[in-house]
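Predicted model, so just to flag it, every value in this text is computed and none were measured. Proteins get letters first, then strands, A, B, ... in listed order; numbering begins at 1 in each.
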Amino acid sequence: MTDAHIAFDDVSCVVDDVPILRSVTARLSARRTAVIGANGSGKSTFARMMNGLRQPTSGSVRVLGLDPAAEGMRVRSRVGFVFTNPEAQILLPTPAEDLALSLGSVPRAMRATRVEQILEQYGLAGRGDQPVSELSGGQRQLLALAAVLCTDPQLVVADEPTTLLDLRNARRIADLLLGLAVPTVIVTHDLDLAARCDEAVLFDDGRLVAIGAPPGVIEMYRRLSA
Amino acid sequence: MTDAHIAFDDVSCVVDDVPILRSVTARLSARRTAVIGANGSGKSTFARMMNGLRQPTSGSVRVLGLDPAAEGMRVRSRVGFVFTNPEAQILLPTPAEDLALSLGSVPRAMRATRVEQILEQYGLAGRGDQPVSELSGGQRQLLALAAVLCTDPQLVVADEPTTLLDLRNARRIADLLLGLAVPTVIVTHDLDLAARCDEAVLFDDGRLVAIGAPPGVIEMYRRLSA
Amino acid sequence: MISLYQPGDSILHRIPAGAKLLGLALSALVISTVRPGAAGTLVLLGVASVVLLVTGAGVRGLLLAWWRLRWLILVLGGALVVFVSPAAAVQNTGRVVALLLLAEAMTRTTRTGDLLDVLRRLFRPLRAFGVDPETPALAVSLTITMVPVLAGLLEQVRDAQRARGVRLGVRAAVPLLVLAMKHADDVGDALTARGIGR
Amino acid sequence: MTPDRRPLSADLARIAVFAALVIVLGTVMVPLPSGVPITGQTLGVMLAGLVLGARRAPLSILLVLALAAIGLPVLAGGRGGLGSFVGPTAGYMLGWVAGAVVIGLIAHSGRFTWWRAATATLIGGILVVYLFGIPVQAAVTGVPLDLTALSTIAFLPGDLIKATLATVLAVALRRAYPRAFPKAVGARAAAGAAGTGAVAAQ
Ligand SMILES: Nc1ncnc2c1ncn2[C@@H]1O[C@H](COP(=O)(O)OP(=O)(O)OP(=O)(O)O)[C@@H](O)[C@H]1O
Ligand SMILES: Nc1ncnc2c1ncn2[C@@H]1O[C@H](COP(=O)(O)OP(=O)(O)OP(=O)(O)O)[C@@H](O)[C@H]1O
Ligand SMILES: O=C(O)CCCC[C@@H]1SC[C@@H]2NC(=O)N[C@@H]21
Ligand SMILES: [Mg+2]
Ligand SMILES: [Mg+2]
């Protein structure tokens, strides 16, 4: 059990007197973990705790052996987080600038070359200086993903990264995420995507109610939602 | 052919010199029509024209026998439109206020009772005065739908109404939409939902490339995206 | 957002941004403290016009710059002639116009990015107080990113009203503000997640 | 009065979004011959003060001014560039910064109510702005101070409408999106360090 990259121990989270996570205990050690469950069941809260975007009211969270609450910066430099809405994730006016922002640790002189490489790699070649508002939805999500992955995170957490995308774009992003060498946690309503992971976690009303091989967990979710 | 509730005739739409619809001709007469296609293929533009939210550069659009460009107000009072993002659609701070806004034609004295009824009917009883931002995603989409359907539209157009929802909420909204007695057009990336319609329309790069029974059209979309 | 910068290779384009900024600040100080007489003011206007010409604005650009100031010149000048004196009118109006022309020359010849770098340098002393000098520069860029997003939200609210057949008038600003705040919160999370800005 | 203790950087995005709002509101304007336009931007200044409070609101305004300084067309009617800082409107822009502080101080001096917001916008959003704007306008243009002051009557109806609007909108926003506001003094004590406090704590 020591090789779990994520360990939640009796974690609860209460906001304005409403419990949104209730005594969650989980050890994630699979390379690819899917998190599924109903709207408002606590999936995003669970995911956000993995890089200190939210803190538990009680219980302990360890990510890559670190405590996100106490060592926020160190955890965040190791954990890449991808949100649903690419619009909110792209921080600077053009793709090139946004990627350069992620490459803060790369020497200035090499940054431009590196940016070009990344744009190329994510199918965005030639779009580096175009205003982000002119990119399509799929291109924006690719850019958001690129900006996260180019920092070489040791763990990737994605909260419904394919929700707004069409078949082709959704598949492209899913393939990218599922093909990563580092541990990856994907929150999703897309059960086909969940089925492609190595392990699945099911939330219901703030509780972790199942963890295991995806087929069984998905089946249980279907029954819960019936 | 005269009983088509929606008729597009050689419709093109050009924005900033970029064609986003190219010579689209379509007659929709099925009760439930699905519109599918890749990101940026023109689905939303097509849907928006049905309500005069967007006007064609050339060609003619007739909706329920009316021209949305010339008779915008009359068309809009007959056509209900549901957006993807319920947040953008809910205009007032609380559910009760927002529903009352839709009930402009109901005498003031009866409005409050009617609002209560609608809240009840859509599973939102007791939430009338809660800030909308505190509703869950599913509840928000239900409210958005309620605000549209309570005006008794003669035609309903929904642009990806289930994208942000979980299994149960997505099914609930889908059942609601598919069960309407009036003609309904649903833009969606959810091919299971599309399969439940009576007819499907496929867009590709601004062109209407297929129209017919859902299974065949969906199959064609899968092939196009391969 | 389109910058007011006009590409070119005049001398003014080649002078470093910081130097130009300092120059403009000094001119503003000198012009408003020395207060040249009517004749001096006319010379000043000539100099400022030439500076603008040198940026590659061309005669057309120069005339356009003057044309944009026509109301200021007419009304301000007019008011001063009536209430004070014709000499004061030439002096004061001329001073304002000359400064505006110089500032336009600066704006036309300096890249936004270069000015951002100046901004960064200006903020460097803040490090002593524990403020990362990158933060203000980042905030500036973040704002540039947000303007089209906000315009998009405005359109969403407008569409929602039209689709629902209601007119909220100024009350429409409420949903706009809600969407904007929601967007800000999402961006805030993204900033935190990317370990930036703190 | 306890000022909000969240680190400023945690609110970078909110500060930026209000700057963007002020910029967008610049498209609503009536040019006046005096060179000082009637502009929707003062509405943005008032809203920023009411929502962001005395510490963050002025930063928002400073951002707009920084963007103007680096040559972006962010001021009323798409103007920008350093000219704005040597022209007749310079004082008003300075006044926006001070006004935003004053609005924040008054509006958040206790529980957020419509009358506090109204007082704040009238004093901070109008009086303070004019206090900075008029002398600078007079100095730059050379028009006597009293005449310059008299000419601002042209702004008064608009500014009164904007103050009313800002008040109404802020009160409505508070109902629709309570999270947007720094927690009221009393409520914070009750909520303790839990919930949103935990997010801010890091
Ligand atoms: N900042 C907040 N303030 C108050 N309540 C919140 C806040 N954030 C989340 N909640 C509540 O916490 C609960 C869990 O939210 P969470 O976002 O984790 O759900 P989720 O499983 O990700 O749902 P979805 O599938 O809709 O994304 C919800 O009931 C939500 O309303
Ligand atoms: N206001 C606009 N200005 C410029 N281009 C636009 C505008 N609205 C849409 N477009 C472009 O028109 C094309 C079609 O857009 P549309 O929204 O209809 O696509 P869609 O099929 O609904 O895509 P999605 O599945 O991502 O919602 C896209 O390439 C889009 O970038
Ligand atoms: O855009 C600028 O350069 C600044 C314009 C300042 C306009 C002032 S602010 C107070 C008063 N109210 C208005 O509507 N306009 C003026
Ligand atoms: Mg979620
Ligand atoms: Mg669409």
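You'll find the side chain of C:Asp159 stays beyond 4.5 Å of the side chain of B:Gln89, heavy atoms only.
Looking at B:Val75, there are no atoms closer than 4.5 Å to chain C (heavy atoms on both sides), in backbone or side chain. Looking at B:Leu92, only its side chain comes within 4.5 Å of chain C, counting heavy atoms on both sides. Contact of C:Arg158 with chain B is not made at all, since no heavy-atom distance falls under 4.5 Å. Within the 4.5 angstrom heavy-atom criterion, no atom of B:Ser133 approaches chain C. Of the atoms belonging to C:Val178, not a single heavy atom falls under 4.5 Å from chain B. The part of B:Pro93 that comes within reach of chain C is its side chain, from C-beta onward, which places non-hydrogen atoms under 4.5 angstrom from that chain.
Once rounded to the nearest 0.5 Å, the distance linking CG of B:Leu91 with CG of C:Leu176 reads 11.0 Å. Once rounded to the nearest 0.5 Å, the distance linking CD of B:Glu87 with NE2 of C:His183 reads 12.5 Å.
In C:Arg70, the CZ atom is crowded: over 12 heavy atoms of neighbouring residues, nucleotides or ligands sit closer than 6.0 Å. When the shell of 6.0 Å around CD of B:Gln121 is examined, it contains more than 12 heavy atoms from other residues, nucleotides or ligands. No more than 12 heavy atoms of other residues, nucleotides or ligands lie within 6.0 Å of CD1 in C:Ile11, so this atom counts as exposed by the packing criterion. Around the CZ atom of C:Arg14, the shell of radius 6.0 Å holds more than 12 heavy atoms that belong to other residues, nucleotides or ligands.
When the candidates C:Leu153, C:Val157, C:Val174, C:Val166 are compared by the number of heavy-atom contacts under 4.5 Å with chain B, C:Val166 comes out ahead.
The pair B:Asp98-C:Arg164 meets the salt-bridge criterion, since a charged nitrogen lies less than 4.0 angstrom from a carboxylate oxygen.
For C:Arg162 (side chain) and B:Leu53 (main-chain N/O), a donor-acceptor pair under 3.5 Å exists by modelled atom type.
Among all heavy-atom pairs drawn from B:Ala88 and C:Ala160, the shortest one is O-CB, 3.3 Å. Between B:Leu101 and C:Leu168, the shortest heavy-atom distance links the atoms CD1-CD2, 3.8 Å. Nearest heavy atoms, B:Met73 versus C:Gly165: CE-O, 4.4 Å. Between B:Phe81 and C:Ala163, the shortest heavy-atom distance links the atoms CB-CB, 3.9 Å.
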